[in-house]
Asks: 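My questions all concern the structure below.
Sequence lines set the chain letters: A, B, ... in the order given, protein chains first and strands last, and positions in each chain run from 1.
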2 protein chains.
Amino acid sequence: MTSRGSGEERGKMKGIRELAEHLDISIGTVSRALNGKPDVNEETRRRVLEAAESLGYVANQSGRALRKGATGVIGFMMQTGSEITGQGDTFFMSVFDGVQTVFARHKLDLVALLCSSEEDPNDYLKRVVARGFADGIILSATRRHDARFELLAKRKIPFITLGRSLTDVGQPWLDLDFEGMAEASIDRLVSRGHKHIAVTRPHDDMNLGYVFEDQCRATLARHGLRLDDRHVFRSTPNEAGGYQIARELTALENRPTAIVLINEAITVGLYRGLEEAGVRPGRDMAIIGRQSPHSQFLSPRLTSFSLSLRDLGIALAESLLATMPAFADIYEERSARLLWPMGLVPGESD
Amino acid sequence: MTSRGSGEERGKMKGIRELAEHLDISIGTVSRALNGKPDVNEETRRRVLEAAESLGYVANQSGRALRKGATGVIGFMMQTGSEITGQGDTFFMSVFDGVQTVFARHKLDLVALLCSSEEDPNDYLKRVVARGFADGIILSATRRHDARFELLAKRKIPFITLGRSLTDVGQPWLDLDFEGMAEASIDRLVSRGHKHIAVTRPHDDMNLGYVFEDQCRATLARHGLRLDDRHVFRSTPNEAGGYQIARELTALENRPTAIVLINEAITVGLYRGLEEAGVRPGRDMAIIGRQSPHSQFLSPRLTSFSLSLRDLGIALAESLLATMPAFADIYEERSARLLWPMGLVPGESD
DNA sequence: CATAGTATCGTAAACGTTTACGGAAGCCAA
DNA sequence: TTGGCTTCCGTAAACGTTTACGATACTATG
């Protein structure tokens with residue numbers, strides 16, 4: 001039952017050597033034929049390809065990697081775990097999808113490196129790097145000070161970050177235009193008469209929190225307003241965090257009339273918390289947030305900033321390739337650092 | 001600026017050979033010391049470990065994999081893409097987290113294999129397998145007929161599936177106890193007087209849809225009721241799908257009084273759709289679903305089935321290890337096939 | 001015909017490990 | 001002393017590729 005002969009139960013290919021013997025050609029020529037090298041007769045190449053196909057030969061990647069000193073793998077490091085889960089998981093999935101399509105074109109394999117909640121991200125990356133696992137790395141969820149940058153720089157591994165950091169080692173990065181979002185949000189709310197505006201940011205050291213709060217503060221100042229420190233709400237980037245924010249927000253004596261959410265995963269919790277306090281989004285409190293799979297299905301619909309995550313992923317991948325010697329010629333014109341614009345999708349919540 | 005001497009800017013380790021020379025020991029002994037083999041003096045082992053640490057030596061995995069014929073990598077195949085995004089992304093992240101912790105104990109590296117939305121999952125897996133990428137594979141999102149099972153079985157790659165399928169090649173699997181969920185849901189609703197109960201299922205060939213609908217039908221029959229074919233709603237597993245279901249549901253002339261949701265990501269969309277039709281969950285329509293990061297923050301709170309995703313991941317990993325020769329002795333007592341129970345968390349929606 | 005050039009291919013040396021095998025000590029008992 | 005264990009270590013052969021180099025045959029050119 002286990003040896004179900006499927007007709008073409010071809011024996012195990014032992015390697016390129018056996019394939020060469022079968023063809024009565026030298027193994028060098030076979031390798032060249034397989035890899036599209038020029039020094040090989042087209043007729044023999046055809047024979048080789050054909051035999052490889054029919055015999056089910058596939059190159060052993062360990063041997064290949066050993067010889068070439070490159071693995072053909074790109075790692076995309078994300079974060080997961082109970083603290084974070086609920087965050088931008090769908091966000092990363094979509095970006096990943098875009099990245100994937102680019103690398104597939106170059107026969108590079110993309111894998112997701114998900115750091116367990118039990119392990120320190122730095123240690124995790126150290127392990128991955130030590131293994132020589134990937135030829136290139138994409139880092140996301142960058143922190144204000146991020147030791148991972150230095151680790152990769154020291155090891156001279158090509159990498160790009162989705163997000164900025166004070167730790168700058170000259171690597172390329174892409175980031176969402178949180179400045180633009182902050183500015184547009186504040187402008188919009190102020191123009192609608194709001195004078196007491198709250199903002200949210202992650203509870204931890206994520207870099208975007210600093211960028212966002214600073215820009216909100218600056219834009220408010222431009223309007224002659226100031227950001228009350230009690231109106232800056234830190235929370236875990238998940239529903240529970242949103243709920244908590246709502247509790248604190250509604251408990252304030254001088255309650256702000258509007259709030260801007262930097263994280264998209266807190267929205268449902270925030271809505272719930274507000275409702276329990278009898279505060280209706282869009283009527284009693286203006287809310288502007290980030291688009292997510294459910295933001296347009298909330299009630300009231302969330303006024304939110306959106307972007308094409310897939311396109312972002314494509315740009316990310318291409319910028320990384322531009323820094324890799326083997327592909328530099330193809331993508332050299334890529335800009336190394338880019339703020340990705342977001343567009344406002346009006347809803348019913350502000 | 002780029003060559004920032006960090007004090008211990010140790011030169012590149014060339015390999016185990018150089019390490020051996022530095023210690024004036026043979027490379028064989030060094031290897032044995034590093035790998036914890038018995039045939040080595042504890043004193044020399046200490047010296048080797050120390051030198052490796054201080055010189056920053058790490059074994060080249062390509063060489064190791066080539067020699068050992070194993071990569072030390074486990075792949076967890078998930079799905080992503082616009083059609084699916086919004087589905088159980090957080091679901092998979094949490095399961096992954098559990099899986100990760102187990103493999104880390106055995107120095108196995110776990111990576112997520114995310115099939116792009118552009119590529120056929122079968123082709124994708126074929127590529128991964130051909131590369132000899134992983135020593136073991138975890139498959140999720142199993143379909144009614146799933147060619148991936150046969151592919152892996154033919155290549156004799158150890159694997160386990162999170163989900164069942166009609167395609168059974170004797171591999172171990174774990175699956176959520178959808179039968180139990182269906183039964184408990186129907187029992188609960190019937191006992192509360194509902195006679196016209198609707199169910200949802202994925203729009204595509206996911207196996208769980210069949211299992212779930214069949215069991216709902218059977219349980220209803222036990223109560224002398226029948227499942228109206230018009231009360232079986234198929235949808236994409238995302239918010240838009242939930243919204244669509246609500247539209248269809250509320251448009252029916254003989255509207256059912258309750259609905260059971262097999263997918264957790266459709267809930268927000270469903271709520272929105274119902275509200276637009278003036279149907280209030282829990283009052284005008286009973287809803288039972290699956291727990292998700294936001295289900296307890298919806299209004300009304302979702303009555304839902306929950307489980308420990310992390311523990312599920314741990315069990316999944318251990319069951320896979322039990323099928324791998326190198327670890328079989330440690331985990332042999334694992335049961336090969338298991339329905340993972342889910343518990344009901346009462347909410348306000350039914 | 002001699003020569004240079006080109007197209008094609010074979011040979012063999014890497015790449016960095018792990019491990020089977022055997023050898024050299026040291027120890028103990030007979 | 002001899003022989004047999006045990007403990008430790010060195011040697012060298014794999015593992016499956018890629019690729020620099022050189023060899024061969026053929027073509028074109030003078």
Asks: Measure CD/Q61(B) against P/dT17(C) and give the value in whole Å, please.
Replies: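 That distance rounds to 9 Å.
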Asks: Without decimals, in angstroms, what is the distance between N41(A) CG and dC26(D) C1'?
Replies: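 Going from CG in N41(A) over to C1' in dC26(D) covers 13 Å.
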Asks: Strictly under 6.0 Å, is that where the ring centroids of Y331(A) and H106(A) end up?
Replies: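 Yes: the rings meet the under 6.0 Å criterion.
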Asks: Closest nucleotide of DNA chain C for I16(B) versus for D39(B): which of these residues is on the 5' side?
Replies: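 The residue closer to the strand's 5' end, by nearest nucleotide, is I16(B).
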Asks: So which one's nearest nucleotide on DNA chain D is more toward 5', T44(B) or K68(B)?
Replies: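 This one resolves to T44(B).
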Asks: State the dot-bracket string of DNA chain C. Criteria: Watson-Crick or G-U wobble, both atom distances under 3.5 angstrom; notation: ( ) intrastrand, [ ] crossing earlier pairs, | interstrand, . unpaired.
Replies: ||||||||||||||||||||||||||||||
Asks: OP1 or OP2 of dT18(C) less than 4.0 angstrom from a side-chain nitrogen or oxygen of S31(B), does that happen here?
Replies: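 Yes, such a contact exists.
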Asks: Please report the distance, rounded to the nearest Å, between CD in E21(B) and P in dG16(C).
Replies: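 It works out to 13 Å between those atoms.
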Asks: To the side chain of R17(A), which of dC21(C), dT17(D), dT18(C) is closest?
Replies: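 When the side chain of R17(A) is considered, dT17(D) is the closest of dC21(C), dT17(D), dT18(C).
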Asks: Look at the side-chain N and O atoms of T29(A) and state whether any lies under 4.0 Å from the OP1 or OP2 oxygen of dG10(C).
Replies: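 For dG10(C), OP1 or OP2 has a side-chain N or O of T29(A) closer than 4.0 Å.
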Asks: Roughly, in whole Å, what's the span from CZ in R67(A) to P in dA20(D)?
Replies: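 Between P of dA20(D) and CZ of R67(A): 7 Å.
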Asks: Between Q171(A) and T161(A), is the side chain to side chain donor-acceptor pair (under 3.5 Å) condition met? List the steps.
Replies: CA-CA 8 Å; Q171(A) 92 291 352; T161(A) 63; 3.3 Å; yes
Asks: Describe the nucleic acid contact of I27(A) in one word from base, sugar-phosphate, nothing, applying a heavy-atom distance below 4.0 Å.
Replies: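 Contact class for I27(A): base.
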Asks: Quick one: is dC15(C) close enough that its OP1 or OP2 comes under 4.0 Å of any side-chain N or O from N60(B)?
Replies: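 No.
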